[in-house]
Engineer: 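Dropping the structure in here first, questions after.
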Protein chains: 2
Amino acid sequence: MAHTKTPTESGTVFSTTLSRLRKEILTGAIGPGEKLRLDQLRTTYDVSFSPLREAISRLVSEGLVLQAADQRGFQVAPVSADNLREVTLLRKSLEVIALQRSIQHGDDAWETEVVSSMHHLSKFKSRNPAKMDDIDEAWEGWHRKFHTALIGACRLPVLLQFCDTLYDLSDRYRRNFLQFRHVPRDVQSEHSAIAEAALNRNAELACRLMEEHIELTATMILAVLPTELR
Amino acid sequence: MAHTKTPTESGTVFSTTLSRLRKEILTGAIGPGEKLRLDQLRTTYDVSFSPLREAISRLVSEGLVLQAADQRGFQVAPVSADNLREVTLLRKSLEVIALQRSIQHGDDAWETEVVSSMHHLSKFKSRNPAKMDDIDEAWEGWHRKFHTALIGACRLPVLLQFCDTLYDLSDRYRRNFLQFRHVPRDVQSEHSAIAEAALNRNAELACRLMEEHIELTATMILAVLPTELR
DNA sequence: TAATAAAATAATATCGATAAATAGAAAATC
DNA sequence: GATTTTCTATTTATCGATATTATTTTATTA
């Protein structure tokens, strides 16, 4: 079978499989606690075991997948209020460190990135519940870019890695439990306030706003989290 | 070939390969920046590609191995003063959070673990430079157990994972650059002071001592780090 | 009928082989 | 002589098959 590669997909089988798996877990297409059946995934993704297992193995380090005991495979990490609280606590602690340094070191390129991602994000007036899928995916992309841009100039690559992991871990909660609900909140203003403070090099304010932003999201998720998970 | 399994080795091929690789990188048996030749490792460890690559993939997430561009394999993460400074900064930030909570929540089992690992560690009067290998490996084991025990009761599993990763990352510097040097320092006293403060539930003191302990080690490594790495 | 054991089934972990890509060496060109 | 090009050798990434382990089903016994 001549494998006809989709032009948009590039890189190795491993990396595309990793992205695909991560996305399915973040969106909830593969739900919390769900068992990962290797043979089924292998068929669905049309790949062999090696790159599939390699991808899953990465997600284990990231905490999105749990490795059961030997010979008993993998499962998507379960969700719980405790886990969300921990992830939120860590995200606040680490993003504040990163943001503070980023504001300190940020150069022109950094400002450009912040302004640009902020601009793209602000173009989504209201997240139209009609044609959700496409728009949502785009919004999610820019939202992540925005948060990444803000802390991107901190010059601490290991920390950025941690922040990225924590973003994924909390993102899963938001996308699984907050997606289709009406939230009484002006996220747009929160974002622009953070961006403004950052660009004005007001580190203290920016960090405080960021903490509040992260905390508020977590609070809203906790409020709607099924009781059996609390 | 009937694969005769060594009785001491247990678990999957993957997990033993992961441990072995990690150890070789931490000790410097495979040095910083060194390329990982898959076929050579495969022969040395007598395993096949799948579990080998899976193990390497994990080490990439941990930051001990770098994945080069597609199709260009892996290399052990290089060392640099900047990286050591970052890892030190993060270790201090995160271990303090963990230690503070651990002191807050620690129960009898926690106290026992701390006392026990402290005791074992203190039995190594001076690290005899003669029969280094065996003694050093044992000391390294208890040293890690001690640090793990201190923060073990924090009830933040994700944080513990981060701390473990950071311990590895800084441990590599210590074992590669400080091992055979005489250090003008009473590490034993530092450890017992931290343990005492923790058991007395004096979180503030314990955290301060821990920060100093981590910082001091880093300072000494930086002092002897080859100039081209600074 | 409940509990246990045996057999069948399904899933995982690992292997050895193949295909694809890169890096290095030799030849050709300017 | 330096630079580019082609060919070869090495190395990586991926595959499909096999062996091992867990789970479910069926049969057996108390």
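Values below: every heavy atom of this structure, side chains too, minus hydrogens, waters and symmetry copies. Naming convention: chains lettered A, B, ... in sequence-line order (proteins, then strands); numbering from 1 in each chain. This structure is a prediction, so every number in the text was calculated from the model and none was measured.
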Engineer: Take atom CG in B/Asp107; do more than 12 heavy atoms of anything else shown fall under 6.0 Å from it?
Structural biologist: yes

Engineer: May I ask you to say what B/Leu36 touches in the nucleic acid, namely base, sugar-phosphate or nothing, with a heavy-atom cut-off under 4.0 Å?
Structural biologist: sugar-phosphate

Engineer: Verify whether one side chain among A/Ser15 and A/Thr12 offers a donor that lies under 3.5 Å from an acceptor in the other.
Structural biologist: yes

Engineer: Using atom CZ of B/Phe14 as one end and atom P of D/dA19 as the other, report the distance to the nearest whole Å.
Structural biologist: 24 Å

Engineer: So does A/Ser50 get a side-chain nitrogen or oxygen closer than 4.0 Å to the phosphate oxygens (OP1/OP2) of D/dT14?
Structural biologist: no

Engineer: Mind calculating the distance between CD (A/Gln40) and P (C/dA10) to the nearest angstrom?
Structural biologist: 15 Å

Engineer: For B/Lys35, is the NZ atom crowded, meaning more than 12 foreign heavy atoms sit under 6.0 Å from it?
Structural biologist: yes

Engineer: Just the rounded figure in Å: distance from C1' of C/dT14 to CZ of B/Arg42.
Structural biologist: 12 Å

Engineer: Using a strict 4.0 Å threshold on nitrogen-to-oxygen distance, state whether B/Arg91 and B/Glu86 make a salt bridge.
Structural biologist: no

Engineer: When all nucleic acid strands are considered with a 4.0 Å heavy-atom cut-off, which category describes B/Leu52: base, sugar-phosphate, or nothing?
Structural biologist: nothing

Engineer: Calculate the interatomic distance between B/Leu38 atom CG and C/dA21 atom P; express it in whole Å.
Structural biologist: 17 Å

Engineer: Regarding A/Arg37, tell me which of base, sugar-phosphate or nothing describes its non-hydrogen contacts under 4.0 Å with the strands shown.
Structural biologist: sugar-phosphate

Engineer: Is B/Arg42 close enough and on-axis enough to B/Phe49, meaning under 6.0 Å and within 45°, for cation-pi?
Structural biologist: yes

Engineer: Looking at C/dA10, I'd like to know if its phosphate oxygens (OP1 or OP2) sit under 4.0 Å from a side-chain N or O belonging to A/Lys35.
Structural biologist: no

Engineer: Tell me: CD of A/Glu54 to P of D/dT12, nearest whole Å?
Structural biologist: 12 Å

Engineer: Where each residue is assigned the nucleotide of DNA chain D containing its nearest heavy atom, which of A/Arg72 and B/Arg72 is assigned the position nearer the 5′ end?
Structural biologist: B/Arg72

Engineer: In whole angstroms, how far is the P atom of C/dT14 from the OH atom of B/Tyr45?
Structural biologist: 16 Å

Engineer: Can you figure out which of D/dA13, C/dT12, D/dT14 approaches the side chain of B/Phe74 most closely?
Structural biologist: D/dA13

Engineer: Measuring to OP1 and OP2 of D/dT12, would you say a side-chain N or O of B/Arg53 lies under 4.0 angstrom away?
Structural biologist: no

Engineer: Between D/dT12 atom P and B/Asp70 atom CG, what is the distance in whole Å?
Structural biologist: 14 Å

Engineer: Could you state the CG-C1' distance from A/Asp46 to D/dT14, rounded to the nearest angstrom?
Structural biologist: 12 Å

Engineer: I'd like a table of atom pairs between the protein and nucleotides 17-20 of chain C - only N or O on both sides, under 3.5 Å - with the distance next to each one.
Structural biologist:
none

Engineer: Are the aromatic rings of A/His143 and A/His120 close, with centres under 6.0 Å apart?
Structural biologist: no

Engineer: Picking from A/Arg144, A/Arg22, A/Lys145, what satisfies salt bridge (charged side-chain N to carboxylate O under 4.0 Å, His left out) with A/Asp164?
Structural biologist: A/Arg144

